[in-house]
Amino acid sequence: MAGATLGKTWQEVRKELYTPEEIAASDARVKLAIALSKARKAQGLTQKELSEKTGIRQPVISRLEHGDTATQIDILIRLATAMNMEMQVVPLNA
C-alpha cells in the first residue's frame, strides 16, 4: 500500500482511505477547534482561565483545540457559554 500512495496528494489519499461522511466529520471538528481557539484568544483568555470559568480541565480544552479528541455537546456548550457565544447548526452551503 505504501508504494501505491507515492506521488499522490493528501487529498487523494484521504479520499481513498475515508468515506465522504468521515471526511465531513473530520472537517467539521477542525473548523470547530479553530473557532473555539480563535474565540478564546480574541477574548484574551488562556486555556487555564477558560478552564477555571467552565470547570473543564485545561488538558481537555487543549486536546479539543488541537482536534485531538471528539467531545460531548455539553462540553462545547459550556465553553461557548463561558465565552458569551452560542452554537448554531447551519447548512453547509450557507
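Basis for what follows: all heavy atoms, side chains included, without hydrogens, waters or symmetry-related copies.
- Heavy atoms of other residues, nucleotides or ligands lying less than 6.0 angstrom from CG of N84 number 12 at most.
- Among all heavy-atom pairs drawn from G67 and A33, the shortest one is N-CB, 4.1 Å.
- Between the CD1 atom in I56 and the CG atom in D74 there is a gap of 8.0 Å [rounded to 0.5 Å].
- Of all non-hydrogen atoms in R78 and T54, the two that sit nearest each other are NH2-O, 2.7 Å.
- Using a 4.5 Å heavy-atom threshold, the side chains of T69 and V60 count as separate.
- In the hydrophobic clustering of ILVMFWY residues, with side-chain heavy atoms under 4.5 Å counting as a link, I61 and V30 come out apart.
- A continuous path of ILVMFWY side-chain contacts below 4.5 Å connects M85 to L45, so both sit in one hydrophobic cluster.
- Separation of atoms OG1 (T81) and CG (L76) is listed at 10.5 Å; rounding is to 0.5 Å.
- Of all non-hydrogen atoms in Q47 and S62, the two that sit nearest each other are OE1-CB, 3.4 Å.
- Here the closest heavy-atom approach between residue K8 and residue V13 is recorded as CB-CG2, 3.8 Å.
- Using a 4.5 Å cut-off between side-chain heavy atoms of Ile, Leu, Val, Met, Phe, Trp and Tyr, with links allowed through other members, I73 and L36 fall into the same hydrophobic cluster.
- Side-chain contact check for L64 versus I75: some heavy-atom pair is nearer than 4.5 Å.
- Under the 4.5 Å side-chain heavy-atom criterion for Ile, Leu, Val, Met, Phe, Trp and Tyr, M87 and L50 are members of the same hydrophobic cluster.
- A continuous path of hydrophobic side-chain contacts links I77 to L79 [ILVMFWY only; heavy atoms under 4.5 Å].
- When side chains are defined from C-beta on, E22 does not count as touching S26, because their heavy atoms never get closer than 4.5 Å.
- Atoms CZ and CD, from R63 and Q58 in turn, are 9.0 Å apart once rounded to the nearest 0.5 Å.
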